[in-house]
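Heads up, the thing below is written out as structure tokens.
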There are 2 protein chains.
Amino acid sequence: MVTIDLAARAALPADSENSSRALAVLRERLAVLHDGDGRLPPERDLAAELGISRRALRRALEVLEAEGLIWRQQGKGTFVGNRPSVAGDLARDLAGRTNPVEVFEVRLHVEPTLARHAALRATQHDIAHMRRLNERIRAADDDDSRELWDEALHRQIAQSARNALFLGVHEIVDEVRRDEAWRSLRVRARNDAARATYVAQHDAIIDAIAARDPAAAAAAMSTHIRTLSHNILPLAGTEVTLADV
Amino acid sequence: MVTIDLAARAALPADSENSSRALAVLRERLAVLHDGDGRLPPERDLAAELGISRRALRRALEVLEAEGLIWRQQGKGTFVGNRPSVAGDLARDLAGRTNPVEVFEVRLHVEPTLARHAALRATQHDIAHMRRLNERIRAADDDDSRELWDEALHRQIAQSARNALFLGVHEIVDEVRRDEAWRSLRVRARNDAARATYVAQHDAIIDAIAARDPAAAAAAMSTHIRTLSHNILPLAGTEVTLADV
DNA sequence: ATCGTAACCATTGGCGGATTGGTTCATACA
DNA sequence: TGTATGAACCAATCCGCCAATGGTTACGAT
């Protein structure tokens with residue numbers, strides 16, 4: 001954790017601009033302010049370092065939290081990034097009990113349903129965001145980025161379905177898939193041809209959602225998940241073909 | 001918690017029958033041995049009370065645990081009943097974020113799929129168990145029992161689908177439904193006619209599963225969930241009709 | 001070889017105090 | 001009068017320590 005040394009500190013007027021100034025500094029320095037666990041200094045310490053009132057700091061932190069850049073919990077601290085999913089414990093438990101075939105079976109039923117609902121409920125903003133995410137997948141040149149954007153795209157589709165419980169279900173499946181062995185399988189299955197196929201399939205899904213065609217969206221997502229299973233399951237030592245819906 | 005007073009204690013021979021005797025006593029007294037939290041006395045204490053070695057007691061407890069009558073956790077204790085679901089925290093979180101329409105929407109998609117898989121994967125033992133559970137629902141004369149057996153039937157169907165991840169998903173939905181406000185809705189919607197309808201619909205689902213007809217099983221379950229939603233959603237102040245699959 | 005006993009190990013819980021975010025109150029200043 | 005600040009208070013979490021509890025091992029007796 002780096003201590004901020006504000007040379008102009010004494011020159012800061014104690015006025016309503018303190019929150020704005022803190023906000024600017026924090027935006028710039030967030031990545032270096034946090035420790036190994038992503039934790040920012042305690043509010044009282046950070047306010048003293050910035051030479052502003054804790055209240056002003058809190059106003060800045062509230063903005064950053066609303067933007068999803070940090071999360072805060074009473075008694076625990078302030079952290080950069082997204083709040084950890086409550087699904088973590090359950091997903092770990094389930095990861096130990098399930099297998100790749102079962103996971104694909106669930107995805108094959110849940111994700112087309114989510115795409116179907118998204119076709120009726122996604123906003124134009126949602127759809128534009130999906131397209132941007134798929135563009136990022138296309139442009140990515142390392143596996144970490146592909147994983148990140150792929151996951152974000154699937155989550156965006158799930159969010160566009162506008163059903164909190166289904167989104168919770170989707171989060172569980174996502175957490176199970178975050179297991180390192182799972183990730184390794186996906187990476188090994190991903191060559192140039194596969195990548196192009198996935199991006200094209202994402203486009204087909206997004207097009208169907210944009211066209212407000214639930215059946216086409218569900219079918220496109222079903223095709224995508226099936227393709228994934230065909231590519232991944234053999235690497236998991238499994239030759240099962242999943243039953244048609 | 002009642003302390004066992006074994007008048008015949010001094011007469012107990014120290015032999016391999018100690019586990020068997022402990023097992024018999026525990027089976028008989030499980031319901032009175034536990035405290036308000038379902039907790040049994042610590043192993044060392046319980047062994048002293050029964051006048052047997054802790055090792056003999058542990059052998060008996062292992063049998064009871066394997067039969068699902070108790071659960072044990074190192075550092076925590078020994079408890080009667082089923083181990084609490086890991087899904088608890090997540091379900092509480094989701095319960096605060098979702099609503100009856102969303103819950104039925106998820107059920108309408110997940111439970112027919114589970115019934116479909118159960119039609120292909122349930123054993124005769126599973127099916128017989130389903131029938132027994134439905135008979136218990138029919139015979140029940142209080143709401144607590146109906147709730148208990150209804151939940152057990154739906155879980156048995158989910159288990160018969162033989163997919164741990166889907167079962168985990170089902171557990172989440174179940175936990176959300178355990179919310180007291182939810183339970184209250186169900187109870188108010190349940191009159192004589194509704195009860196008879198539900199039992200008949202359960203029979204139709206089980207018949208289709210027994211007939212190994214996935215499509216019929218899914219359709220019967222879909223009908224059942226729809227009936228439930230028609231009865232319950234109006235009481236939740238909601239007039240929405242759920243979209244067809 | 002099996003059982004009982006004791007000792008040891010690993011996990012969890014309880015408790016008190018410290019830490020940290022969340023909120024309220026009083027005061028100062030423009 | 002309205003706003004910002006500092007201080008105080010409140011509620012949630014963490015940490016360290018010790019005790020409690022299940023899990024395992026070792027040893028001696030039968």
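Throughout, a chain's letter reflects where its sequence line sits, starting with A, and its residues are numbered from 1. This is a predicted model, so every value here is computed, not measured.
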Side chain of [X]: nearest nucleotide among [options]?
X       : options                : result
A/Arg39 : C/dG21, D/dT21, C/dT20 : C/dT20
B/Lys76 : C/dT11, C/dT12, D/dT13 : C/dT12
B/Gln74 : D/dA12, D/dA8, C/dT11  : C/dT11
B/Arg55 : D/dG22, C/dT5, D/dC9   : C/dT5
B/Arg44 : D/dT21, D/dA8, D/dG6   : D/dT21

Distance in angstrom units between [X] [atom1] and [N] [atom2], rounded:
X       : N      : atom1 : atom2 : result
B/Arg54 : D/dT25 : CZ    : C1'   : 12 Å
B/Leu40 : D/dT21 : CG    : C1'   : 13 Å
B/Glu43 : C/dA6  : CD    : P     : 16 Å
B/Arg21 : C/dG4  : CZ    : C1'   : 17 Å
B/Asp37 : C/dG13 : CG    : C1'   : 13 Å
A/Asp45 : C/dT19 : CG    : P     : 10 Å
B/Leu57 : C/dG4  : CG    : P     : 11 Å
A/Phe79 : C/dT19 : CZ    : P     : 16 Å

Below 3.5 Å, can you tabulate the donor-acceptor pairs from side chains in residues 160-171 of chain A to any protein atom, sequence neighbours excluded?
unit_1   : atom_1 : unit_2   : atom_2 : d
A/Ser160 : OG     : A/Gln156 : O      : 2.7
A/Ser160 : OG     : A/Gln156 : NE2    : 3.4
A/Arg162 : NH1    : A/Asp126 : OD2    : 3.2
A/Arg162 : NH1    : A/Gln159 : O      : 3.2
A/Arg162 : NH2    : A/Asp126 : OD2    : 3.0
A/Asn163 : OD1    : A/Leu165 : N      : 2.9
A/Asn163 : OD1    : A/Phe166 : N      : 2.9
A/Asn163 : ND2    : B/Glu102 : O      : 3.1
A/Asn163 : ND2    : B/Glu105 : OE1    : 2.9

Inspect the contact between B/Glu135 and B/Arg131 and indicate whether a charged nitrogen and a carboxylate oxygen are less than 4.0 angstrom apart.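 Looking at B/Arg131 and B/Glu135, the cut-off is not met.
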
Any [X] side-chain N or O less than 4.0 Å from OP1/OP2 of [N]:
X       : N      : value
B/Arg59 : C/dG4  : yes
A/Thr78 : C/dG21 : yes
A/Arg58 : C/dG22 : yes

Decide yes or no for B/Leu40 and B/Leu30: does some side-chain heavy atom of the first lie under 4.5 Å from some side-chain heavy atom of the second?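 When only atoms from C-beta onward are counted, B/Leu30 and B/Leu40 do touch, with a gap below 4.5 Å.
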
Side-chain touch B/Leu69/B/Val80, heavy atoms, less than 4.5 angstrom: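 Counting from C-beta outward, B/Leu69 and B/Val80 never come under 4.5 Å.
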
Taking DNA chain D as the partner, which of residues 63-73 of chain A come within under 4.0 angstrom of it by heavy atom?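 Of all residues in residues 63-73 of chain A, the ones placing a heavy atom under 4.0 Å from DNA chain D are A/Gln73.
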
Inter-residue atom distance B/Ile209.CD1 - B/Ile157.CD1, 0.5 Å rounding: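 So the CD1 of B/Ile209 and the CD1 of B/Ile157 are separated by 4.5 Å.
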
Mind checking the CZ-CD1 spacing from B/Arg39 to B/Ile70? Nearest 0.5 Å is all I need.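 One finds 13.0 Å between CZ of B/Arg39 and CD1 of B/Ile70.
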
Taking only residues two or more places apart in sequence, or in another chain, which ones meet B/Asp37 in a side-chain contact (heavy atoms from CB on, under 4.5 Å)?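 Partners of B/Asp37 under the side-chain contact (heavy atoms from CB on, under 4.5 Å) test: B/Asp35.
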
Residue mapping more 5' on DNA chain D - nearest nucleotide basis, B/Gly75 or B/Glu62: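 That would be B/Gly75.
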
